[in-house]
Amino acid sequence: MSGRERVIAMLDGKAVDCLPVMPITMMFAVDQIGKKYYEYATDYHVLADAQVLTAETFDFDHVSAIAETREAPDCGAVVEYFDDQPPSVVESRALLADKSSLARLEIPDPLAGPRMHDRIKGIALLKERAGGGKVVEGWIEGPCGASADLRGINTLMLDFYDDPSFIRDVFGYTVEVGLRFARTQISAGADIIGIGDPAASLVSRKIYEEFVWPYEKRLVDGLHELGARVRLHICGNTRHILQGMGSLGCDIVDLDSAAPLDEARAAMGPDQVLLGNIDPVRDLRDGTPESVYAAMAECHRQAGPRFIVGAGCEVPRDTPAANVHALVCYAHEHAP
Amino acid sequence: MSLFEEMQQAIIDGKAPVVKELTQKALSEGIKPADIFPKAIVPAMDEVGRRMRDCEFFIPEVLIAARAARAATDILRPLLVGDAAARPAGTVVCCTVKGDLHDIGKNIVAMMLESAGFRIIDLGADVSAEKIVDAVRAHDANLVAMSALLTTTMVNMKSVIEALAAAGLREKVKVMVGGAPVTESWARSIGADGYGKDAPAAVDLARSLAAA
Ligand code: B12
């Protein structure tokens with residue numbers, strides 16, 4: 001089976017020859033080709049080179065257009081670039097420091113916005129270079145994360161209590177931005193759309209269910225209507241919101257290491273495909289090939305057969321290649 | 001409910017305007033500003049810390065409670081200047097280290113320390129060792145509280161400790177460190193005076209380091 005066939009078969013509930021493997025790589029990937037993260041963030045050729053080389057070297061089943069937010073800068077947010085780490089939205093100059101500006105924001109055209117367009121071109125190139133054998137993954141920001149980028153995460157956290165109707169408005173806006181961006185990514189060749197919603201783990205179950213879930217659901221349903229499969233990744237400790245995450249109907253729920261897979265399995269039922277989730281730093285970067293293999297076996301045991309191998313979050317830069325090989329080796333040597 | 005209990009409840013519930021009103025009421029009733037800290041603000045924030053540890057409170061709840069506490073401290077601070085009995089528990093230079101933009105945890109720690117009676121010099125995020133040294137000197141601080149959320153920036157805490165030593169200030173300040181990737185043993189290995197796993201621990205630690 002090719003990686004592409006393997007992933008799709010797993011998602012469709014069909015037989016696979018071994019476990020699929022789809023770890024998140026960004027800084028690790030760019031380090032493989034000896035370039036700086038600035039180049040990965042600003043030039044899709046570099047992103048595609050890094051992704052394709054990394055996926056081939058380690059035999060991943062996918063290539064991904066994942067990187068820092070592309071939506072926020074194209075909406076007008078100020079982003080600061082660094083030489084060799086991901087650019088970051090400048091919170092002190094947040095686009096929505098004044099909430100009333102939301103009414104004037106338009107949904108950016110992904111083909112006109114420079115940062116979004118770069119990703120679209122990256123996906124087309126990934127499709128061309130690796131799309132035969134590997135799944136091509138696009139990426140968008142989830143409502144909580146995208147809104148944090150526009151409003152400033154510290155302020156957004158207060159808005160949940162100060163101005164719930166603003167929360168609904170800004171979440172609704174970001175879902176539209178995300179869907180429009182995803183539509184173009186799918187046309188360019190993305191098979192799967194990843195949703196990253198890191199800030200969603202910072203709120204209580206009550207706030208998650210009342211505010212975040214409905215918009216994540218709208219996004220997931222919209223992506224399905226566009227014909228994509230959906231991978232949801234929420235960084236951090238999600239133990240308190242596992243049930244909600246499991247009822248979004250995502251094709252893949254990708255968990256960070258703080259959320260044990262057995263808890264996720266219990267909360268989400270036997271059919272949900274889970275992805276993850278060894279501790280990226282303690283297990284993967286600082287472990288040995290043997291300990292990585294053993295940690296992966298424990299994840300598999302907890303997750304059961306509906307399972308894709310990965311780390312809890314981005315593979316950290318400076319992770320020894322042998323450890324990443326061990327992670328992949330576990331997948332190759334085990335059927336679900 | 002007593003006035004102090006009402007204040008505590010309003011802080012826990014994150015009702016800043018109510019806290020402001022109750023603080024003014026307390027003062028108009030002749031309650032001493034210095035008494036409001038131990039009787040209302042400190043116990044309220046201790047309870048907020050407990051709820052955070054027990055996962056009853058998440059970031060939004062902690063931030064609105066801290067903001068409510070600040071509504072009281074903003075009124076009280078100016079009244080305490082020159083009151084010998086109400087000297088701050090210590091002066092803390094707080095920041096997230098160079099290269100690191102994560103500031104939510106640092107903000108929570110700073111606000112909790114502030115409501116525990118410390119004077120806070122918050123330098124923000126992505127702060128160089130040099131700036132920290134300057135701030136310690138300029139504000140005559142006795143504590144430095146550093147946060148890091150990235151394994152790649154944790155190492156910068158060590159450079160700060162070295163810079164403090166090079167500036168001849170290491171004996172003068174206690175250094176505490178925290179943030180998700182930081183551990184007790186790592187803190188010890190870089191020569192920090194203490195590590196705290198969360199904001200309540202930061203308050204306990206600051207109290208014990210300031211007393212030492
Ligand atoms: C919000 C967030 C961001 C926001 C930050 C916005 C902001 N203003 O803070 C943005 C989008 C900018 C961001 C960017 C990045 N992030 Co980020 N981010 C997070 C996230 C989702 C939450 C962190 C957080 O605020 N936690 C809540 C606070 C309250 O917890 P805390 O900081 O640990 O603080 C508590 C304790 O540690 C302690 N404490 C904290 N400081 C101190 C200090 C002292 C003295 C003491 C005693 C105690 C103490 O008390 C606090 C309260 O109890 C985490 C994932 C997660 N859900 O945990 C990733 C995470 C921290 N980010 C990560 C990464 C890799 C990045 C990026 C490199 C890009 C990326 N790949 O996402 C960039 C780097 C930017 C930069 N140069 O800093 C990784 C770090 C991995 C690692 N170990 O190195 C994480 C863990 C995600 C992951 N799983 O990969 N991120």
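Within every chain, numbering begins at 1; the chains are lettered A, B, ... in the order of the sequence lines, protein sequences first and strands thereafter. The model shown is predicted, which means the values in this text are computed figures rather than measured ones.
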Report which part of A:I153 has an atom under 4.5 Å of a heavy atom belonging to chain B: side chain, backbone, both, or neither. side chain
Taking side chain as everything from C-beta outward and backbone as N, CA, C, O, which of these in A:R239 sits under 4.5 Å from a heavy atom of chain B? Side chain, backbone, both or neither. neither
Tell me whether the count of non-hydrogen atoms from other residues, nucleotides or ligands lying under 6.0 Å of CD in B:E162 goes above 12. yes
Go through the atoms of A:D162 and report whether side chain, backbone, both or neither lie under 4.5 Å from a heavy atom of chain B. side chain
For A:F160 and B:P60 the tightest heavy-atom approach is CD1-CG, 4.1 Å
Could you walk me through whether B:I59 and A:V203 pass the side chain to side chain contact (heavy atoms under 4.5 Å, CB included) check? CA-CA 6 Å; B:I59 306 301; A:V203 303; over 6 Å; no
Give the minimum heavy-atom separation between A:N154 and B:L63, together with the two atoms involved. O-CD1, 3.9 Å
Per-residue contact mode, A:I207 against chain B (heavy atom under 4.5 angstrom): side chain
What part of A:E80 gets within 4.5 angstrom of chain B, counting heavy atoms only: side chain, backbone, both, or neither? neither
Does A:R282 have more than 12 heavy atoms from other residues, nucleotides or ligands lying within 6.0 Å of its CZ? no
In terms of heavy-atom proximity below 4.5 Å to chain B, should A:V281 be classed as side chain, backbone, both, or neither? side chain
Looking only at heavy atoms, the pair that brings B:F58 and A:L202 closest together is CB-O, 3.3 Å
Is the number of heavy atoms from other residues, nucleotides or ligands under 6.0 Å of B:R50 CZ greater than 12? yes
Candidate pair B:T152 and A:M27, rule side chain to side chain contact (heavy atoms under 4.5 Å, CB included), full reasoning: CA-CA 12 Å; B:T152 47; A:M27 287 186 270; over 6 Å; no
Does B:K15 have more than 12 heavy atoms from other residues, nucleotides or ligands lying within 6.0 Å of its NZ? no
Output the option from A:H240, A:K206, A:E91, A:R205 having the highest count of non-hydrogen pairs under 4.5 Å with chain B. A:H240
